[in-house]
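Working notes for the structure below.
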Amino acid sequence: MDTSVQFGTRIKAVQNKNLIGGQWLDAASGQTIEVENPATQDLIAAVPRSAAQDIDRAVKAARASFESDVWRKMRPIDRGRLLENIARKIEEHAEELAYLESVDTGKAITFAKVLDLPSTVEVFRYMGGWCSKIGGKTLPVSFDGKEYHAYTRREPVGVVGAITPWNYPLALGAWKIASALAAGCTMVLKPTELTPLSTLRLAELCLEAGLPEGVLNIVNGYGHEAGAALAQHPAVNKITFTGSTAVGKQIVEYSLGNMKRVSLELGGKSPSIVFADADLDQVGLGAALAVFFNSGQICFAASRLFVQDSVYDQVVEAVAAAASQFKVGNGQNPETMMGPLVSGKQQERVLGYVASGLEQGATLVCGGKKTGDKGYFMEPTVFANADPSMKIAQEEIFGPVVSVMRFKDVEDVTRMANDTPYGLAANIWTRDIKKAHRLAHRLEAGSVWINCHGIIDAALPFGGFKQSGWGREVSEEGLLAYTETKTVCALLDD
Ligand code: NAD
C-alpha cells in the first residue's frame with residue numbers, strides 16, 4: 001500500500017482534541033481551528049480553539065495529579081522506566097510521526113527521520129536516566145559553631161505550562177515534556193495552532209506507554225487566547241516557552257501575577273564565521289546547511305555569514321553553488337531538502353525581507369523568489385555585500401536567506417558578530433584550533449560550534465544569551481530548571 005494513503009488515513013485518526021485528565025475533549029466553546037498542509041494548502045485537520053475555561057480545566061487536572069502522588073512519588077527508577085517506555089513507543093511509531101511532522105510543518109521527511117525523530121526519542125531516554133539521579137547535597141554549617149545536619153533537596157517545581165512553536169513542534173515539545181516529567185512535575189502543553197498534530201500523537205503514545213492520566217495535558221488554541229490564559233494562570237508554577245522574542249516578553253509580563261518560574265527559548269540571528277585558513281571544501285555546504293536547513297526556520301539558523309576578506313568571493317560562490325543544489329519541493333518526496341515555509345504569512349514576511357535587502361543595496365547572488373503554483377515554497381537566497389546595519393543583517397528572518405559580510409581580522413569579526421540583541425548560537429570555520437577556542441570564549445552565544453553547526457544533543461545545554469532567552473533546555477541544567485531547591489537544616493546538639 002502507498003504509505004501516504006495509509007498515513008493519510010492515520011491523520012484523521014489522530015486525536016485532534018484536547019487531552020485533559022486522560023480524556024479527549026472538544027473546546028468548551030465547540031470552536032475549532034483548521035490545520036493546513038503548507039506544501040499543498042489542503043486542510044488536513046481541525047483542532048479545538050480553546051480559551052481560558054479549557055486551560056483552567058487542564059490546569060486543575062494537572063494540579064490534581066501533582067497533588068495525588070501518582071507521578072512525583074512514583075519510585076524514581078519506575079518513573080525512569082516509564083520515560084524509556086515512551087522512547088520505545090516513539091521509535092516504534094517513528095515513520096508515522098515523521099510523516100505527520102512533514103505534512104503539518106512542510107519539512108523534508110528525510111530530515112525529519114534523521115533529526116527530529118532521534119532527537120525526540122533520545123531526550124526521553126536521556127531524561128529517563130536522570131529520574132533516579134536527581135539528588136541534593138549535604139553541606140557544612142559554620143553558623144554558631146553548633147552541630148547541624150544540613151542538606152538540599154531538589155523538588156519538582158509543580159504544575160508546568162508549556163508553549164511551543166511550529167518549526168520543530170515534536171522535538172521541542174518532547175524536550176519540555178521529558179524534562180518536566182523526569183523532575184516529577186505535571187504539565188499542560190499548548191502546541192502552536194499551526195502544527196499541533198505530532199504533539200497530539202505523542203500525547204497518545206505517552207498514555208499507551210502507561211503515563212498516568214492527568215500528568216500530561218494538551219490544550220490546543222491560539223496564543224493570545226489559550227497561550228495567554230496558561231501563562232497567566234495562578235495555579236501554574238512554571239512556564240516554559242519556545243517562540244519569538246516579542247511573545248517571550250509578553251510571557252514574562254503574564255507570569256508576574258504569581259511570579260511563576262520562567263524559561264524562554266527565543267529568536268536568534270546567529271553568525272557563521274569563516275576564516276581564510278578554513279577547509280574551504282567543507283565551508284560551502286556547511287555554511288549553506290547552517291542557514292537553509294528546515295527552510296531557514298530554525299532559531300539557530302546562521303543567517304549572518306562573515307567571511308575573511310581574502311576568501312570572500314570564493315566562499316560566496318561556494319555557498320551559492322551549494323544552495324543551487326538544494327532540492328526545493330514537497331517534504332513528502334524523500335529527495336526534497338527544503339520544503340515550503342510554514343504558512344502564507346511567513347512566506348510574505350520572508351519576501352518582505354528580500355525586498356528590503358534589495359532596497360538597502362545588498363547584491364542578490366541567487367534565489368529571492370517564491371516557487372511553485374501551490375504551497376509556500378521559496379528559493380534559497382544569498383545576499384552578498386550586505387552591511388551589518390541592514391535590516392536583513394539585523395532582524396530574525398526565519399526563512400532561507402543569508403547575508404554575507406566581510407571581515408578583516410578576529411577583532412573586527414568579534415565586534416560584528418556580537419553586535420545584535422540576540423545571542424543564541426554561532427559557528428566558526430578555521431583550521432587554527434587555538435584561535436577558534438579563543439574566539440568561542442568571546443562570542444555572546446549560548447552554543448558555539450567549531451567546524452560544524454547545529455549539534456543538538458540531549459546532554460548539551462541549549463539556550464541563549466541576551467534576548468535569545470532565559471535558562472537552558474535539555475541537559476542536567478535544563479532538567480534542574482524544573483526543580484526548586486529546598487534547604488533542610490537540623491540542630492543535632494542537645
Ligand atoms: P510565536 O512566538 O509566534 O509562537 C510561539 C508559541 O507562542 C505558539 O504556540 C503561539 O500560539 C504562542 N503565542 C503566540 N502569542 C502568544 C501570546 N500572546 N501569549 C501566549 N502564547 C502566545 O513563534 P513562532 O512563530 O511559532 O516560532 C518562531 C519563533 O520561535 C522564532 O522567533 C524562533 O527563533 C523561535 N524559536 C526559538 C527556539 C529556541 O530554542 N530558541 C526554537 C524554535 C523556535
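Note that ligands are numbered from 1 as they come in the structure, with each ligand's atoms numbered from 1 the same way. What you are looking at is a predicted structure, and each value in this text was computed from that prediction instead of being measured.
- Close approach to Leu172 involves these atoms of ligand 1, each under 4.0 Å from a residue heavy atom: 42 (C), 43 (C).
- With atom 39 (C) of ligand 1 as the reference point, the heavy atom nearest to it among Gly267, Gly227, Cys299 is part of Cys299.
- The protein heavy atom nearest to atom 8 (C) of ligand 1 is Thr164 O, 3.3 Å.
- By the 4.5 Å heavy-atom criterion applied to side chains, Tyr99 and Glu96 are not counted as neighbours.
- An N or O contact shorter than 3.5 Å links Trp166 to ligand 1 by distance.
- Closest to atom 5 (C) of ligand 1, if we only count protein heavy atoms, is Thr242 O, 3.8 Å.
- Residues Thr164 and Lys176 have side chains in contact (heavy-atom distance under 4.5 Å, counting atoms from C-beta outward).
- Counting only N and O atoms by type, the side chains of Lys107 and Gln297 include no donor and acceptor under 3.5 Å apart.
- Asn427 and Ser272 form a side-chain donor-acceptor contact under 3.5 Å, judged by distance and modelled atom types alone.
- Contact atoms of ligand 1 toward Ile251: 20 (C) (distance under 4.0 Å to a heavy atom of the residue).
- Considering only non-hydrogen protein atoms, atom 41 (N) of ligand 1 sits nearest to Leu266 O, 2.7 Å.
- No N or O atom of Tyr222 sits closer than 3.5 Å to an N or O atom of ligand 1.
- Among all protein heavy atoms, the one lying closest to atom 34 (O) of ligand 1 is Glu396 OE2, 2.6 Å.
- Taking every heavy atom of Glu265 and a limit of under 4.0 angstrom, the matching atoms of ligand 1 come to 37 (C), 38 (C), 39 (C), 40 (O), 41 (N).
- In terms of polar-atom proximity, defined here as any N/O pair under 3.5 Å, Glu193 does make such a contact with ligand 1.
- With 3.5 Å as the limit, one finds a donor-acceptor pair spanning the side chains of Gln332 and Ser102.
- Ligand 1 is approached by Ala228 to a heavy-atom distance shorter than 4.0 Å.
- Considering Gly268, Ala301, Ser244 only, the shortest heavy-atom separation from atom 23 (O) of ligand 1 involves Ser244.
- Protein heavy atom in closest approach to atom 12 (C) of ligand 1: Ile163 CG2, 3.6 Å.
- Ring orientation note: the planes of His453 and Trp449 are nearly perpendicular, at an angle over 60° on the 30°/60° scale.
- Which parts of ligand 1 touch Phe462 is read off a 4.0 Å heavy-atom cut-off, strictly below it: atoms 40 (O).
- In the vicinity of Phe241, heavy-atom distances shorter than 4.0 Å reach the ligand 1 atoms 2 (O), 5 (C), 6 (C), 7 (O).
- In this structure, of Phe398, Tyr422, Trp175, the residue bringing a heavy atom nearest to atom 28 (C) of ligand 1 is Phe398.
- Side-chain polar atoms of Thr420 and Lys466 form no donor-acceptor pair below 3.5 angstrom.
- Closest to atom 35 (C) of ligand 1 among all protein heavy atoms lies Gly243 O, 3.1 Å.
- Checking Gly248, Pro191, Gly223, Ala171 against atom 20 (C) of ligand 1, the nearest heavy atom belongs to Gly223.
- Distances below 4.0 Å separate heavy atoms of Asn167 from the following atoms of ligand 1: 43 (C), 44 (C).
- Side-chain N/O atoms of Lys269 and Ser303 include a donor and acceptor closer than 3.5 Å.
- Close approach to Pro165 involves these atoms of ligand 1, each under 4.0 Å from a residue heavy atom: 26 (O), 27 (O), 43 (C), 44 (C).
- Gln41 and Gly375 make their closest contact through OE1-N, 2.8 Å (heavy atoms, listed as atom of the first residue, atom of the second, distance).
- The closest side-chain heavy-atom distance from Trp470 to Leu266 is not below 4.5 Å.
- Between Phe326 and Phe292, the ring planes lie perpendicular to each other; the angle is over 60°, past the 30° to 60° tilted range.
- Each of the following atoms of ligand 1 lies closer than 4.0 Å to a heavy atom of Lys190: 9 (O), 10 (C), 11 (O).
- Looking at Asp42 and Asn37, their side chains never bring a donor and an acceptor atom within 3.5 Å of each other.
- Any N or O atom pair closer than 3.5 Å counts here, and Gly221 shares no such pair with ligand 1.
- Here Tyr254 has side-chain heavy atoms under 4.0 Å from ligand 1, and that is the only part of it that gets that close.
- No side-chain heavy atom of Thr242 sits under 4.5 Å from any side-chain heavy atom of Ser263.
- For the residue pair Ser270 and Arg304, no side-chain donor N or O sits within less than 3.5 Å of a side-chain acceptor on the partner.
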